[in-house]
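Residue indices begin at 1 and follow the sequence shown.
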Amino acid sequence: MQKTIMITGATDGIGLAAAKKLVGMGHHLLLHGRNPTKLSVVEKELSSLADSVPVESYVADLSVLSEVQQLIDQVAERHQHIDVLINNAGIFKTSEPLTTKGLDVRFVVNTIAPYLLTKKALPLMGPSGRVINLSSAAQSPVDLQALMGRQRIDNDFEAYAQSKLAITAWSRSLAEIHKPQGPKIISVNPGSMLGSKMVKQAFGVAGKDINIGADILIRAALSEEFESANGRYFDNDSGSFASPHADALNPKISDSIIESIESVLDEYSN
């Protein structure tokens with residue numbers, strides 16, 4: 001059965017690899033990218049692979065929260081329903097860690113933008129829908145002041161690890177809040193040191209086969225195996241469901257992370 005699937009960060013890496021496989025399976029893709037030229041090339045490439053399957057593209061800079069809001073508004077204008085949202089876009093290393101609003105770009109792109117997209121996409125998704133959030137084996141206790149842009153983290157790895165714990169925590173909490181009427185919300189570590197642009201820039205190595213990550217995202221999005229995985233964390237390094245960092249299992253900590261994200265959205269999303 002054809003599904004309508006939205007993928008952020010679909011112009012390279014795991015997102016692009018997954019998109020190519022999904023279009024080959026006959027699914028209707030909504031591709032997101034930051035660079036319009038690059039996104040146009042990918043849309044044309046995937047359209048040529050598709051057999052009468054629609055491929056759409058949407059441009060937005062996920063580090064700008066007003067553009068995130070516009071992105072989901074544009075999707076909602078064209079679609080009354082989407083089946084899957086894959087929050088794949090992410091950032092690790094950057095020469096400028098702060099946005100123009102003074103927020104940490106790792107938190108904005110990796111944690112806050114996916115939260116906003118998910119929250120706004122909920123009316124388009126029913127109980128059969130799925131939200132797949134990209135987590136990581138790298139998870140570290142979240143400094144809420146840094147998440148809200150009140151304190152700076154200079155270490156790229158530390159900021160990334162905190163942002164990935166934060167998305168894992170809110171995934172679990174939001175899944176609980178919106179069941180049974182909402183979609184399944186699942187966080188996935190696609191695999192460590194895969195050959196994405198992020199890994200190459202951060203560590204200077206080629207990395208492992210990118211399809212390892214693409215394949216697990218597709219399984220999480222479509223397979224019966226993940227039908228009862230609402231709120232769970234899948235670790236593709238071990239190939240099994242696992243416990244994330246203990247903070248992501250702590251309701252008080254998770255609630256404080258969501259409250260901090262909501263505070264940022266109230267102040268900066270317009």
Item to complete: Would you check if there is a donor-acceptor pair between the side chains of S171 and N133 at a distance under 3.5 Å?
Response: yes
Worksheet item: Any side-chain donor-acceptor pair under 3.5 Å between S187 and T168?
Response: no
Worksheet item: If you group Ile, Leu, Val, Met, Phe, Trp and Tyr by side-chain heavy-atom gaps below 4.5 Å, do I112 and I185 land in one group?
Response: yes
Practice prompt. Using the test ring-ring contact (aromatic ring centres under 6.0 Å, His included), find all partners of Y58 that sit at least two apart in sequence or belong to another chain.
Written response: none
Worksheet item: Does a donor on one side chain and an acceptor on the other come within less than 3.5 Å for Q151 and D143?
Response: yes
Worksheet item: Does the side chain of Q74 pick up a donor-acceptor pair with the side chain of Q70 at under 3.5 Å?
Response: no
Fill in: I212 backbone acceptor or donor facing D209 side chain under 3.5 Å
no
Worksheet, complete the sentence: Correct closest heavy-atom pair for I7 and A10 would be O-CB, 3.7 Å
Discussion item. Taking salt bridge (Lys or Arg N to Asp or Glu O under 4.0 Å) as the cut-off, I'd like each qualifying pair that reaches into residues 227-237, sequence neighbours left out, listed once.
Written reply: R130-E227, K184-E227
Discussion item. Holding to salt bridge (Lys or Arg N to Asp or Glu O under 4.0 Å), I want the full list of residues that pass it with E267, two or more places apart in sequence or in another chain.
Written reply: none
Discussion item. Once salt bridge (Lys or Arg N to Asp or Glu O under 4.0 Å) is applied, do any residues pair with K179, and if so which ones, sequence neighbours excluded?
Written reply: E176
Item to complete: Using side-chain contact (heavy atoms from CB on, under 4.5 Å) as the criterion, list what pairs up with I177, not counting sequence neighbours.
Response: L174
Discussion item. Tell me every residue that passes salt bridge (Lys or Arg N to Asp or Glu O under 4.0 Å) with E225, counting only those two or more places apart in sequence or in another chain.
Written reply: R219
Worksheet item: Can you name the ring-ring contact (aromatic ring centres under 6.0 Å, His included) partners of H81, sequence neighbours left out?
Response: none
Worksheet item: Pairs in or reaching into residues 209-260: which pass ring pair (Phe, Tyr, Trp, His ring centres under 6.0 Å), with residues at least two apart or in two chains?
Response: F226-F234, F226-F241, F234-F241
Worksheet item: Can you list every salt bridge (Lys or Arg N to Asp or Glu O under 4.0 Å) pair that touches residues 70-89, not counting sequence neighbours?
Response: E56-R78
Worksheet entry | Lys/Arg-Asp/Glu bridge criterion (N-O < 4.0 Å) met for K119, E262 | yes
Discussion item. Show me the pairs that pass salt bridge (Lys or Arg N to Asp or Glu O under 4.0 Å) and involve residues 95-108, at least two apart or across chains.
Written reply: D104-R106, R106-D156
Response to the item:
For residues 19-46, the ring pair (Phe, Tyr, Trp, His ring centres under 6.0 Å) pairs (sequence neighbours left out) are H28-H79
Practice prompt. Output all residues satisfying side-chain contact (heavy atoms from CB on, under 4.5 Å) with A121, sequence neighbours left out; order by chain, then residue number.
Written response: I72, I82, L85, M125
